[in-house]
Amino acid sequence: MPTESAPRRYRFAPSPTGSFHVGGARTALHNWALARQNGGTFVLRIEDTDAARNRPEWTQGIIDALAWIGISDADPHFEGPHFQSANAAAHVAAAQRLFDSGHAYYCDLTADEIQARAKELGLSGYDGYSRDRGLGPGPGRVLRFRVPEGSTTVHDQVRGDVQFDNSTIEDFVLLRGNGTPMFLLANVVDDVEMGITHVVRAEEHLPNTPKQQMLWTALGHEPPSWGHVPVLVNEQRKKLSKRRDKVALEQYRDEGYLADAMVNYLMTLGWTPPGESEIVDWVEIEQAFRLEDVTHSPAFFDVKKLDAFNGDYIRAMPLDAFIERASREIPDDWDRDRFAAIAPHIQERLVHFDEVPGKVDFLFWPFDAPIDYDPDSWNKAFGAEWALPLLRDVSAAYGGLDGDSGWTAEALKAATEAVMEIHGVKLGKAQAVPRVAVTGRAVGPPLFESLEVLGQPETMRRLRLATDHAIGSTSAGRPE
RNA sequence: GCCCCCAUCGUCUAGUGGCCUAGGACACCACCCUUUCAAGGUGGCGGCACGGGUUCGAAUCCCGUUGGGGGUGCCA
């Protein structure tokens with residue numbers, strides 16, 4: 001174990017695949033919090049495969065995603081990105097050292113031969129056949145690690161000590177038959193060379209940890225401090241997979257989730273902030289997070305709860321900031337002042353920002369366009385006998401308001417109430433008629449405020465259109 | 001098959017032997033408020049997987065069972 005005084009170095013080693021996994025985002029956050037609270041360093045190391053090397057935008061995507069959740073390369077605690085492939089020579093050199101020191105040996109058995117032997121001996125894997133055959137390097141020969149007798153104990157910050165019987169670990173391959181290093185070796189060599197002191201990652205890596213630890217020791221170094229956090233799962237309790245589940249952080253970003261909400265939610269998976277509320281800002285999270293307090297069991301990534309967090313964060317935004325953020329979602333030719341006027345009313349109705357256009361679009365329809373009535377909404381609002389007469393009276397009342405000073409939400413409400421009393425209808429039902437007439441839908445922002453923003457001329461035009469539509473549909477539906 | 005991890009409401013969790021008649025949040029349901037939808041308020045539904053121990057006392061400690069997940073490659 002590293003000494004307490006040594007500067008801590010946490011590494012985060014994602015592989016670029018075109019999208020950034022929410023589970024990866026969470027462990028990145030764990031490493032980030034720990035590095036910063038201990039004055040350590042967050043080392044970003046990219047596992048650049050052949051595919052990834054041909055797509056630099058994938059790497060950039062990781063950097064962008066990290067920046068979005070607040071992990072910034074402008075921060076002094078941040079180091080990187082480093083690229084694994086840049087260190088290939090060191091990986092092979094380390095393998096050579098392991099061979100020279102007797103920690104590894106060459107083997108010329110093919111996969112088929114290994115399987116045949118295993119079957120014959122009743123074993124599950126490689127039986128160590130070439131351990132003492134004294135083979136040197138050669139084409140087609142792999143270099144295998146000589147797993148020692150005894151057992152290996154992994155001291156895990158989350159789970160405590162985990163013991164593995166070395167006899168259950170087969171002599172794993174370090175170098176392929178073509179001389180290229182295996183990932184496990186490359187990973188450990190990089191960790192050693194970069195002076196990594198703490199490895200915090202998902203639980204799925206725990207079973208491979210004894211191998212890595214043996215490599216650290218064979219290479220002459222003290223293994224790092226480990227921490228394996230529980231995996232994130234879907235509703236089937238399976239590890240979140242890119243194919244089946246919505247796991248790309250960028251997708252949530254693009255749908256208009258707030259980074260703060262995402263970060264907050266992610267951190268509550270497997271860990272609870274100390275206060276009485278689970279809605280807490282990063283400053284508090286960063287200083288309170290402890291690996292020892294992390295839960296041991298897998299956590300379901302619940303989008304519904306994420307939605308609740310996001311709604312909370314949206315509602316907590318200052319109005320100016322809300323308008324600024326929401327305005328990014330609407331087309332350029334939509335009037336900004338008009339949007340700002342209705343913004344306070346949609347702020348508390350929003351789950352994520354990409355819903356903004358759909359909530360306010362009716363305010364921006366061209367002033368000569370026909371109205372597209374949602375059939376269900378129309379039938380609901382105009383199904384009653386009193387609907388059309390009420391629409392006529394409401395139209396007359398609205399038309400009688402002074403378009404300059406009298407066109408306010410209060411006046412519109414009063415006018416509507418006066419009409420509804422004549423028809424003996426409650427406001428809840430009555431407002432549906434002008435609402436569907438003007439917006440085409442049964443739900444939306446508060447009606448009178450919306451009409452105020454829409455203005456008298458356009459409101460009157462839409463009311464006339466709806467009246468015509470109502471007459472047309474009733475006469476068509478009821479033959480004389 | 002072998003190895004490892006895990007097990008509290010549907011979900012995320014609090015709980016470290018008596019403060020537990022098991023607390024909170026999300027979801028769901030009802031009611032209130034109300035100009036639709038939300039938001040907000042009040043209330044409700046709902047859980048210690050099972051079986052053995054240990055102990056005066058177990059959600060909590062031990063063993064077993066069952067269930068779930070992960071790993072196990074000349075993939076990364």
Side-chain angles (χ1 to χ4, degrees), chain A residues 13-17 47-52 84 107 109-111 114 118 122-126 140-144 154 156 158-159 162-165 167-170 172-184 186-187 202-211 228 230-231 233 235-239 265 268-272 276-279 295-309 311-312 315 345-351 359 377 380-381 409 412-413 416-417 420 426-432 434-436 439 441-450:
Chain A
S15 47
T17 57
E47 295 174 7
D48 53 337
T49 57
D50 285 340
Q84 190 147 65
C107 174
L109 252 39
T110 64
I114 290 167
L123 295 170
S124 56
Y126 182 69
R141 292 182 179 177
V142 300
L143 184 69
R144 284 181 181 274
V154 172
D156 191 285
V158 176
R159 286 148 213 284
V162 184
Q163 202 178 63
F164 296 84
D165 187 338
S167 67
T168 65
I169 304 171
E170 68 175 38
F172 51 95
V173 173
L174 264 17
L175 250 31
R176 301 185 183 86
N178 64 9
T180 57
M182 292 286 284
F183 172 74
L184 191 77
N187 214 24
E203 180 196 357
E204 57 198 287
H205 295 107
L206 184 53
N208 278 324
T209 306
K211 294 180 187 172
H228 290 90
V231 290
V233 297
E235 47 275 84
Q236 274 79 240
R237 303 255 112 208
K238 296 263 184 351
K239 195 168 67 161
Y265 174 64
T268 64
L269 260 20
W271 179 75
T272 310
E276 56 190 54
S277 171
E278 56 185 2
I279 303 284
T295 325
H296 296 184
S297 47
F300 170 51
F301 185 83
D302 187 355
V303 178
K304 280 204 175 144
K305 186 147 185 178
L306 204 213
D307 285 347
F309 270 62
D312 263 9
R315 270 172 255 124
H345 300 290
I346 65 163
Q347 181 170 9
E348 62 184 20
R349 279 155 239 268
L350 223 51
V351 175
K359 290 218 186 290
S377 299
K380 200 173 150 199
L412 286 158
K413 185 182 181 190
T416 310
E417 283 171 333
M420 88 197 192
K426 292 235 192 274
L427 187 56
K429 286 198 150 209
Q431 60 88 38
R435 176 184 292 282
V436 174
T439 72
R441 296 184 294 254
V443 300
L447 180 65
F448 308 119
E449 289 76 0
S450 298

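Residue numbering restarts at 1 for every chain, and letters A, B, ... go by the order of the sequence lines.
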>> Tell me if a side-chain donor or acceptor on A/T295 pairs with a main-chain N or O of A/G270 at a distance below 3.5 Å.
In response: yes
>> Using atom P in both nucleotides, what's the gap between B/G41 and B/C33 to the nearest angstrom?
In response: 16 Å
> When the C1' atoms of B/A59 and B/U42 are considered, how many whole Å apart are they?
Replying inline: 30 Å
> Can a salt bridge be assigned to the pair A/K413 and A/E449 using a cut-off of 4.0 Å between side-chain N and carboxylate O?
Replying inline: no
>> Which heavy atom of A/C107 sits nearest to which heavy atom of A/Y126, and what is that distance?
In response: SG-OH, 3.1 Å
>> side chain to side chain contact (heavy atoms under 4.5 Å, CB included), that's the test. Do A/K429 and A/K380 meet it? Break it down for me.
In response: CA-CA 10 Å; A/K429 286 198 150 209; A/K380 200 173 150 199; over 6 Å; no
> Can you check the A/K305 NZ to B/G10 C1' distance for me, whole Å?
Replying inline: 13 Å
>> For a side chain to side chain contact (heavy atoms under 4.5 Å, CB included) check, start with the C-alpha distance between A/Q431 and A/L447, then their side-chain angles and the critical distance, and finish with the verdict.
In response: CA-CA 7 Å; A/Q431 60 88 38; A/L447 180 65; 4.0 Å; yes
> According to the Watson-Crick and G-U wobble definitions, with both distances under 3.5 Å, which nucleotide is paired to B/C61?
Replying inline: B/G53
> Which letters describe nucleotides 66-76 of chain B, given B = protein heavy atom under 4.0 Å from base, S = only from sugar-phosphate, - = neither?
Replying inline: ---SBSSSBSB
>> Please classify the nucleic acid contact of A/R159 as base, sugar-phosphate, or nothing, using heavy-atom distances under 4.0 Å.
In response: sugar-phosphate
> Minimum heavy-atom separation for A/A202 to A/V231, with atom names?
Replying inline: CB-CG1, 4.3 Å
> Quick one: A/F300 CZ to B/C12 C1', roughly how many Å, whole number?
Replying inline: 10 Å
>> Minimum heavy-atom separation for A/A118 and A/G125, please, with both atom names.
In response: CB-O, 3.5 Å
>> Distance check needed: B/U13 C1' versus A/K304 NZ, whole Å only.
In response: 19 Å
>> Between B/G57 and B/C20, how many Å separate the two C1' atoms, rounded to a whole number?
In response: 13 Å
> Expressed in whole Å, how much space separates the C1' atoms belonging to B/C28 and B/C5?
Replying inline: 32 Å
>> Give me the distance, rounded to whole Å, that separates B/U54 from B/C63 when you measure between the P atoms they each carry.
In response: 15 Å
> In the structure shown, which nucleotide is the Watson-Crick or G-U wobble counterpart of B/C2, with both distances under 3.5 Å?
Replying inline: B/G71
> Side-chain donor-acceptor pair under 3.5 Å between A/R176 and A/T180, yes or no?
Replying inline: yes
> Rounded to the nearest Å, what distance is computed from the CG atom of residue A/D302 to the P atom of nucleotide B/C9?
Replying inline: 15 Å
>> Please determine whether a side-chain nitrogen or oxygen atom of A/H296 lies at a distance below 4.0 Å from atom OP1 or OP2 of B/C6.
In response: yes
> What one-letter contact string describes nucleotides 34-41 of chain B from 5' to 3', where B marks a base within less than 4.0 Å of any protein heavy atom, S marks contact via sugar-phosphate atoms alone, and - marks no contact?
Replying inline: -BBBBSS-
>> What is the distance, to the nearest angstrom, from the CD1 atom on A/I169 to the C1' atom on B/G1?
In response: 17 Å
>> Looking at B/C28, which nucleotide sits across from it as a Watson-Crick or G-U wobble partner, both distances under 3.5 angstrom, or is there none?
In response: B/G44
>> What is the separation between atom CZ on A/F172 and atom P on B/C3, rounded to the nearest whole Å?
In response: 19 Å
>> Evaluate A/V443 against A/R435 for side chain to side chain contact (heavy atoms under 4.5 Å, CB included), listing each step before the verdict.
In response: CA-CA 8 Å; A/V443 300; A/R435 176 184 292 282; 5.8 Å; no
> Distance between the P atoms of B/U34 and B/G46, in whole angstroms?
Replying inline: 32 Å
> With sequence neighbours excluded, what pairs up with A/D302 under the side chain to side chain donor-acceptor pair (under 3.5 Å) test?
Replying inline: none
>> Determine whether A/R159 and A/E203 satisfy the following criterion, side chain to side chain contact (heavy atoms under 4.5 Å, CB included), listing intermediate values before the conclusion.
In response: CA-CA 10 Å; A/R159 286 148 213 284; A/E203 180 196 357; 3.6 Å; yes
> Over how many whole Å does the gap from A/I279 atom CD1 to B/U13 atom C1' extend?
Replying inline: 14 Å
> With a non-hydrogen cut-off below 4.0 angstrom, is A/T416 in contact with a base, only sugar-phosphate, or nothing?
Replying inline: nothing
> How many Å lie between CG on A/L269 and P on B/A25, as a whole number?
Replying inline: 18 Å
> Taking the same atom, P, in B/C26 and in B/U21, what whole-Å distance lies between them?
Replying inline: 26 Å
>> Could you tell me how far B/C75 sits from B/G15 if I compare only their P atoms? Round to whole Å.
In response: 44 Å
